[in-house]
Undergrad: 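One structure follows; several queries about it will come next.
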Protein chains: 2
Amino acid sequence: MNIGEIARRAGVSRSTVSYVLSGKRAVSEPTRQRIQAVIDELDYRPNANARALKEGRTRTLGLVIPPASQRLTDMQLGFVASVVEAAARADLDVLLSPSGGDHDRSFERIVTGRRVDGVILMEIRLEDDRVTRLRQSRLPFVTIGRTAEPTGTSWVDVDYEGLIARCVHHLADLGHRHVALVNRSAELVAAGYGPGHRALAGFSHAVAERGLTGVDLCCGDDAPAGEAAMSRLLTTRPEVTAVATINEAALPGVQRALAAEGRLVPRDFSVVGVAAAHWAEDFRPPLSAADVPTLEMGAEAVALLLERIAAPTAAPRHHLYQPPISLRASTAPPPPP
Amino acid sequence: MNIGEIARRAGVSRSTVSYVLSGKRAVSEPTRQRIQAVIDELDYRPNANARALKEGRTRTLGLVIPPASQRLTDMQLGFVASVVEAAARADLDVLLSPSGGDHDRSFERIVTGRRVDGVILMEIRLEDDRVTRLRQSRLPFVTIGRTAEPTGTSWVDVDYEGLIARCVHHLADLGHRHVALVNRSAELVAAGYGPGHRALAGFSHAVAERGLTGVDLCCGDDAPAGEAAMSRLLTTRPEVTAVATINEAALPGVQRALAAEGRLVPRDFSVVGVAAAHWAEDFRPPLSAADVPTLEMGAEAVALLLERIAAPTAAPRHHLYQPPISLRASTAPPPPP
DNA sequence: TTGTAAGCGTTATCAG
DNA sequence: CTGATAACGCTTACAA
């Protein structure tokens, strides 16, 4: 079923059919109706590839996600969902590419196959090969997260550095003197994962600024890792009275370790961090935390990408999110010594 | 950058370039090398759309996911990840379509836009418009989950009916006489969501077969809903000593409600069900449960789809998974009355 | 108001 | 062993 067939059945030329489809040229009402009737009858829709070939644009966005081998976190999933949703609202399709390493066939297909008008990249490292690759291609792209030197690219990111600093200040204000940072996994941090590094930087600065003692630890992205890390912390550093964290998936484990040691939150121990709302609300008591606005960020990433596609030479823009810390019930002054 | 440019620079015809790319025709070693050098230098890769147009196939699979508005469950996410991964292994790209209702533009684009060689559908209802729609198109498709009458389509699914029945039998064997089913949300069940209905059927049959009393309840897919449902159950039906569930996301809430009522698992109360391994392992004590093999199922869905694409007229196949119930530590005989 | 025809970047057939 | 050339299905000047 192609446009020629419709034209034949309606007794018109292909261009006329094309014009009733696009509305880019006036078509007399009778012919328009006749053609439309045929289209409806055969449920015809133009071949998207042929159209893309002719128009030079695909109406498709590429979304590069971390490989599935490591389970996606809730936050990553939130980004995927919101990007797809925002794209759908703009009548754009999304082509998914799971890719980690740099010799990635799927990623290369996306970049050089001209199947997409632009790309959104997630899980950005401070030094990121994929960003380098995309920069040297002419393909518009936007990153969720940012490299160490993001100038010249469009991005959205969460201000982990500022947020964690604010958490530490909040704890210091309450009187805590010994605080800890529960970071993401050691592998991630070693690989130069931005949020891990920036959270640590914010933590270190704030701790120094307030004259606290701070200990930072890496922790896998799941409850068992959180439990292990936390119980180790509680036994090796009993003086610590509060933690800040960016590792939401570890929270259930953190909770269990605290419970196992008989430390009541917030009476004996305070917890604060950045985490998706449902993790925070599932904590007992509800966790004071900055909620990462994944929905908004995904939509904004799409918007920025559409800008870049429309005006590739315009100055890139970015959006650094610093969501407020929702005070719930997990922080209090430290217990008397 | 196109094939003509490569041909020009290498001083050969476009067809020769095409043939060194595809290897479908012998090319003399010197010219091959010359052409390859130009290709490498310019990092040329053929335009996937043009190729798709010419070849009549897109090397792309469509994956229809539930709309992002409702957060995807871990299981759904597992399917998405495994499908994308399996497709990537076969050098196929995946086009995502978030679609719920039937007037869905994104879904229609996938079905009629000829941008994909086949489609994988998730979250199948017993009566599913999308399946109906795909059946009447000529597009090969595979469903993860199945309709009430799946004959004639290829699918993979989990045998919720059999699995929940086995759970009930297990509880009956231990001596439980009053058991409950914690199902998925009322909306989902009302919408004809297959697993909800099949789990209920399996539950009802097994309960009847063993002469037990059974109560079934719907429960939203999150911890707060689980907590609410469970504490209601414990107060209104104090005689119930065990639950079976297919609602993994409710488990943390179930746990909390049990703890709040002072019911110790498994001494006072048994819990069993079907849930992803990490949910089961996060339960305290670890939950006896059948683990849904999402990774395997996603890969199998892709394999079945490739079969259908290769041989559209061959008999459709399916694969009903009945993973074993991993006995962990959450079931025991009921407490003495 | 409509039709003709060129061309988007490929691949494959047919000659040479 | 290689080169023209005709499709694939569409859009869009340019003609009429």
Side-chain angles (χ1 to χ4, degrees), chain A residues 1-36 38-39 42-60 91 93 109-117 137-139, chain B residues 1-36 38-39 42-60 91 93 109 111-117 138-139:
Chain A
M1 188 48 43
N2 59 29
I3 200 171
E5 178 66 12
I6 305 292
R8 206 182 53 68
R9 298 206 189 201
V12 296
S13 75
R14 304 204 318 249
S15 50
T16 305
V17 177
S18 177
Y19 285 121
V20 343
L21 248 19
S22 68
K24 290 186 182 172
R25 179 164 98 173
V27 175
S28 77
E29 194 50 24
T31 34
R32 203 198 60 71
Q33 288 190 1
R34 188 155 33 92
I35 294 170
Q36 191 60 53
V38 178
I39 288 174
L42 302 188
D43 192 28
Y44 164 78
R45 216 120 347 167
N47 181 313
N49 277 313
R51 170 181 289 190
L53 184 57
K54 179 63 188 160
E55 290 189 328
R57 65 193 197 120
T58 60
R59 300 163 192 270
T60 304
D91 279 330
D93 289 316
R109 277 201 305 272
I110 291 265
V111 177
T112 58
R114 277 156 294 173
R115 319 196 60 196
V116 299
D117 296 332
S137 85
R138 296 317 275 144
L139 201 55
Chain B
M1 187 50 42
N2 60 26
I3 201 171
E5 179 66 12
I6 305 292
R8 207 184 51 69
R9 299 206 189 201
V12 296
S13 73
R14 302 200 318 252
S15 45
T16 305
V17 177
S18 176
Y19 284 118
V20 343
L21 248 19
S22 69
K24 289 186 184 174
R25 177 164 99 174
V27 175
S28 77
E29 193 50 24
T31 34
R32 202 197 61 72
Q33 288 191 359
R34 188 155 34 90
I35 294 171
Q36 190 60 54
V38 178
I39 289 175
L42 301 189
D43 193 28
Y44 163 78
R45 216 120 348 165
N47 181 313
N49 276 314
R51 171 180 289 194
L53 183 58
K54 181 63 186 150
E55 291 190 328
R57 64 193 198 118
T58 60
R59 300 165 192 272
T60 304
D91 280 330
D93 289 317
R109 278 201 305 273
V111 176
T112 59
R114 278 156 296 175
R115 318 195 60 194
V116 299
D117 296 332
R138 297 316 275 145
L139 201 56

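A note on names: the letters A, B, ... follow the listed sequences, proteins ahead of strands, and every chain is numbered from 1. All figures in this text were calculated on a predicted structure; none of them were measured in a lab.
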Undergrad: Give me the bend of the helix from dT1(C)-dA16(D) to dG16(C)-dC1(D), using the axes of the five pairs at each end, rounded to 10°.
TA: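 What I find for the helix from dT1(C)-dA16(D) to dG16(C)-dC1(D) is an axis angle of 50°.
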
Undergrad: With side chains defined as the heavy atoms from C-beta onward, is the minimum distance between Asp43(B) and Thr112(A) less than 4.5 Å?
TA: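 They are in contact (side-chain heavy atoms under 4.5 Å apart), so the answer is yes.
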
Undergrad: Please report, rounded to the nearest Å, how far the C1' atom of dT5(D) is from the CZ atom of Arg14(B).
TA: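 Rounded to the whole Å, the gap is 9 Å.
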
Undergrad: Got a sec? Which of residues 18-35 of chain B come in under 4.0 Å of DNA chain D, heavy atoms?
TA: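 Close to the strand are Arg25(B), Ala26(B), Val27(B), Ser28(B), Thr31(B).
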
Undergrad: Closer to the 5' end of DNA chain D via nearest nucleotide, is it Arg114(B) or Ser13(B)?
TA: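 Nearer the 5' end of the strand: Ser13(B).
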
Undergrad: If you measure from CE on Met1(A) to CZ on Arg114(B), what distance do you get to the nearest 0.5 Å?
TA: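 Going from CE on Met1(A) over to CZ on Arg114(B), the span is 8.5 Å.
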
Undergrad: Donor-acceptor pairs are to be reported for all side-chain atoms of residues 18-26 of chain B against protein atoms at under 3.5 Å, with residues two or more places apart or in another chain.
TA:
{"unit_1": "Ser22(B)", "atom_1": "OG", "unit_2": "Ser18(B)", "atom_2": "O", "d": "3.3"}
{"unit_1": "Ser22(B)", "atom_1": "OG", "unit_2": "Lys24(B)", "atom_2": "N", "d": "3.2"}

Undergrad: Check whether Arg34(A) reaches the backbone of Ala10(A) with its side chain - one donor and one acceptor, N or O, closer than 3.5 Å.
TA: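 Yes; judged by distance alone, with no hydrogens or angles, the pair exists.
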
Undergrad: Do any of residues 45-57 of chain A sit with a heavy atom less than 4.0 Å from DNA chain C, and if so which?
TA: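 Hits under 4.0 Å, by residue number: Leu53(A), Lys54(A).
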
Undergrad: Is the closest side-chain heavy-atom distance between Ile39(B) and Arg45(B) below 4.5 Å?
TA: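 Of all side-chain heavy-atom pairs linking Arg45(B) with Ile39(B), none is under 4.5 Å.
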
Undergrad: What's the spacing between Ile35(A) CD1 and Arg9(A) CZ if we round to 0.5 Å?
TA: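 So the gap between those two atoms works out to 14.0 Å.
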
Undergrad: Tell me the closest heavy-atom pair linking Val17(A) and Ala7(A), and the distance in Å.
TA: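 Minimum heavy-atom separation between Val17(A) and Ala7(A): CG2-CA, 3.7 Å.
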
Undergrad: Would you say Asn49(B)'s side chain and Asn49(A)'s backbone share a donor-acceptor pair under 3.5 angstrom?
TA: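 Between the backbone of Asn49(A) and the side chain of Asn49(B) there is no qualifying donor-acceptor contact (under 3.5 Å).
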
Undergrad: Work out which heavy atom in Arg115(B) is nearest to a heavy atom in Thr58(B); give both atom names and the distance.
TA: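 Closest approach of Arg115(B) to Thr58(B): O-OG1, 3.2 Å.
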
Undergrad: Hey, where on DNA chain C does chain B first and last touch, going 5' to 3'? Cut-off is any atom under 4.0 Å from a heavy atom.
TA: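 Under 4.0 Å from chain B, the extent on DNA chain C is dG9(C) to dC14(C).
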
Undergrad: Answer whether the closest heavy-atom distance between the side chains of Ile6(B) and Leu42(B) falls below 4.5 Å.
TA: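 They are in side-chain contact.
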
Undergrad: Considering residues at least two apart in sequence or located in another chain, which fulfil the salt bridge (charged side-chain N to carboxylate O under 4.0 Å, His left out) criterion with Glu55(B)?
TA: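 Glu55(B) satisfies salt bridge (charged side-chain N to carboxylate O under 4.0 Å, His left out) with Arg59(B) once adjacent residues are dropped.
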
Undergrad: With distance as the sole test, does Thr60(A) use its side chain to make a donor-acceptor pair with the main-chain N or O of Val116(A) at under 3.5 Å?
TA: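 Between the backbone of Val116(A) and the side chain of Thr60(A) there is no qualifying donor-acceptor contact (under 3.5 Å).
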
Undergrad: Report yes if some heavy atom in the side chain of Val38(B) is under 4.5 Å from a heavy atom in the side chain of Glu5(B); otherwise report no.
TA: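 In short, these two side chains do not touch, never coming nearer than 4.5 Å.
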
Undergrad: Whole angstroms only, please: what is the CG-P distance between Asp117(B) and dC8(D)?
TA: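 Atom CG in Asp117(B) sits about 18 Å away from atom P in dC8(D).
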
